[in-house]
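Data block below; observations after.
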Amino acid sequence: MIEVPILILGHSFLKMLGCLIRASNKNNIKPVLFIASTRPGKEYDNMDESIFKELTKGLSNYKVAIYNPNNIPALIKEVKKYNCIVGQDLYYHGKIFNSETIKKISISAYFDTLHHAVANKNRMTYSDLMFFPDNHFKDKFGELTNYTGVSCDIGVPVTDCYKMLEPEDKNIVTFFCPDQGFITNNTNEKIEKCLLALHENKFNIVVKERKNKPWYFKNKKLSSAVTIVKGDNKEYFPYESLKLINKSIFCIGGYTTAAVECHNLEIPYYNIELDKQQSFSQSIHCMKNKYSWAKEKYFSNNLFDHIEHLKQMKYTQPEQNKKHFLNSSVSNLIWEKIIEFL
């Protein structure tokens, strides 16, 4: 087997890397998992033993190396024993390997990949091979950077999680909360009015909160009627947001990556136009103003333009099943490319 090191900074990185790791052995790869002992400043993202067990389930050949993020020279010394390193957005998170001659392989994390490129004022990248969800992400990244390595738009491993989803009755509406600080009081009131109307029309509403960003409802009736799902779940096979989308008649959000998953799984998604501009993070600014193709493809249905329709909505199976993600393993395709590249 070929030994390939994979850098994991925290458990949230398994959303993109988990399926790739699980598919390693059957592609003649022995993964060497370099896992940070802690993630400074984001300790909630630390790995634990239960995640190790789930991650390596079904693998007969693998190695786990816990490293101290405060001792980067020791990490580099160990990684240099191999001829490559794989990681999520390694072109950004792998800056520590910039001066090393090992081949650096980066797995895109949807919009985060583009956000990092915008934030990186020097437009420097640190990867030799990059994998993107599709040509739109690949082309936009090329516009934003001076990247000269190899780009592949064959997909990202996270879509292999779709095969793990069980058939579900579509019986909920999922609200993927944006940062409440990004909306005005007027928009907040409109959201509550919309959700209350859906509740009164017998919809079961699930509110998926962001990590460390609880959502506050002013309407007490609505607050007691919805089901709150906290943003700290550590399940990745499949991960929680996918399971919620899979059970949803439709979903609501404000410039969330969940819109991409809804599109892929053919679940209608309705967007909230965030309107408190002085509070916007760079990522929200980019989603609204820099990625025009994404706004058209994922965020074009404005929630407030469709309320009357949504109140009567029922889930209908698409006439043509476009879920091509179910027909092949992206992880297998990526390992084939990596082996070829090495």
Side-chain angles (χ1 to χ4, degrees), residues 1-10 12-36 55-65 67 75-76 78-110 112-113 116-117 125-135 137-139 141-142 145 147-163 236-237 324-325 327-342:
M1 284 188 165
I2 304 171
E3 290 191 324
V4 176
I6 300 175
L7 185 68
I8 304 173
L9 302 185
S12 63
F13 284 64
L14 299 183
K15 179 178 176 180
M16 282 297 164
L17 298 174
C19 288
L20 186 70
I21 293 167
R22 280 186 156 196
S24 58
N25 281 183
K26 63 184 177 183
N27 284 280
N28 199 38
I29 298 293
K30 178 181 178 179
V32 182
L33 308 178
F34 283 92
I35 300 173
L55 174 62
T56 56
K57 193 175 181 179
L59 294 181
S60 56
N61 285 288
Y62 64 92
K63 185 187 298 182
V64 173
Y67 74 89
L75 170 64
I76 293 174
E78 288 300 309
V79 171
K80 284 174 68 175
K81 295 176 182 178
Y82 309 89
N83 66 343
C84 70
I85 181 73
V86 177
Q88 173 182 311
D89 279 342
L90 195 72
Y91 83 93
Y92 176 79
H93 295 296
K95 295 175 184 177
I96 57 175
F97 302 110
N98 182 38
S99 61
E100 308 303 327
T101 57
I102 57 173
K103 295 180 178 179
K104 295 166 278 290
I105 300 166
S106 185
I107 308 295
S108 167
Y110 290 128
D112 279 357
T113 303
H116 291 320
T125 58
Y126 307 94
S127 291
D128 302 295
L129 173 63
M130 294 188 69
F131 292 94
F132 294 91
D134 60 27
N135 64 303
F137 284 93
K138 182 188 76 172
D139 293 346
F141 184 81
T145 69
Y147 183 63
T148 57
V150 178
S151 297
C152 296
D153 56 8
I154 59 177
V156 287
V158 65
T159 55
D160 287 341
C161 283
Y162 299 168
K163 301 180 183 67
Y236 290 96
F237 304 103
H324 58 278
F325 303 97
N327 299 325
S328 62
S329 167
V330 174
S331 296
N332 288 345
L333 295 175
I334 289 176
W335 279 128
E336 288 176 15
K337 287 288 185 180
I338 290 176
I339 292 171
E340 178 184 316
F341 184 72
L342 296 178

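Along the sequence shown, residues carry numbers from 1.
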Given 3.5 Å as the limit, does a donor-acceptor pair link the side chain of [X] with the main chain of [Y], or not?
| X | Y | answer |
| --- | --- | --- |
| D128 | K104 | yes |
| S127 | M130 | no |
| N25 | L59 | no |
| Y236 | L17 | no |
| K103 | F341 | yes |

[Y] side chain reached by [X] side chain, heavy atoms, under 4.5 Å:
| X | Y | value |
| --- | --- | --- |
| H116 | H93 | yes |
| T113 | F131 | no |
| E336 | L333 | yes |
| I2 | I338 | no |
| N27 | I334 | no |
| L55 | I8 | yes |
| W335 | V4 | yes |

Do you know the tightest heavy-atom contact between [X] and [Y]?
| X | Y | answer |
| --- | --- | --- |
| S106 | Y91 | OG-N, 3.5 Å |
| D153 | D134 | CB-C, 3.5 Å |
| I105 | C84 | CD1-CB, 4.4 Å |
| S331 | D160 | OG-OD2, 2.6 Å |
| L14 | I21 | CD2-CD1, 4.5 Å |
| L9 | A36 | O-CB, 3.7 Å |

Value rounded to 0.5 Å, distance of [atom1] in [X] from [atom2] in [Y]:
| X | Y | atom1 | atom2 | answer |
| --- | --- | --- | --- | --- |
| N61 | M1 | CG | CE | 4.5 Å |
| S24 | L33 | OG | CG | 8.0 Å |
| F34 | I76 | CZ | CD1 | 11.5 Å |
| I154 | K337 | CD1 | NZ | 6.5 Å |
| N332 | K26 | CG | NZ | 5.0 Å |
| S329 | K163 | OG | NZ | 5.0 Å |

Check your understanding: Parallel, tilted or perpendicular: which describes the rings of Y110 and F137, with under 30° parallel and over 60° perpendicular?
Key ->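 Tilted.
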
Review point. Should the pair F132 and F141 be assigned to parallel (<30°), tilted (30 to 60°) or perpendicular (>60°) ring geometry?
Key: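 Aromatic pair F132/F141 classed tilted.
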
Check your understanding: For K30, does the NZ atom have more than 12 heavy-atom neighbours from other residues, nucleotides or ligands under 6.0 Å away?
Key ->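 Result for NZ/K30: enclosed.
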
Check your understanding: Near K80 NZ, under 6.0 Å, is it more than 12 heavy atoms from other residues, nucleotides or ligands?
Key ->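 No.
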
Practice item. Output, in order, the C-alpha distance, side-chain angles, deciding distance and verdict of side-chain contact (heavy atoms from CB on, under 4.5 Å) for V79 and L7. Key: CA-CA 9 Å; V79 171; L7 185 68; over 6 Å; no

Check your understanding: Under the side-chain contact (heavy atoms from CB on, under 4.5 Å) criterion, do F237 and K57 qualify, and how do the steps go?
Key -> CA-CA 11 Å; F237 304 103; K57 193 175 181 179; over 6 Å; no

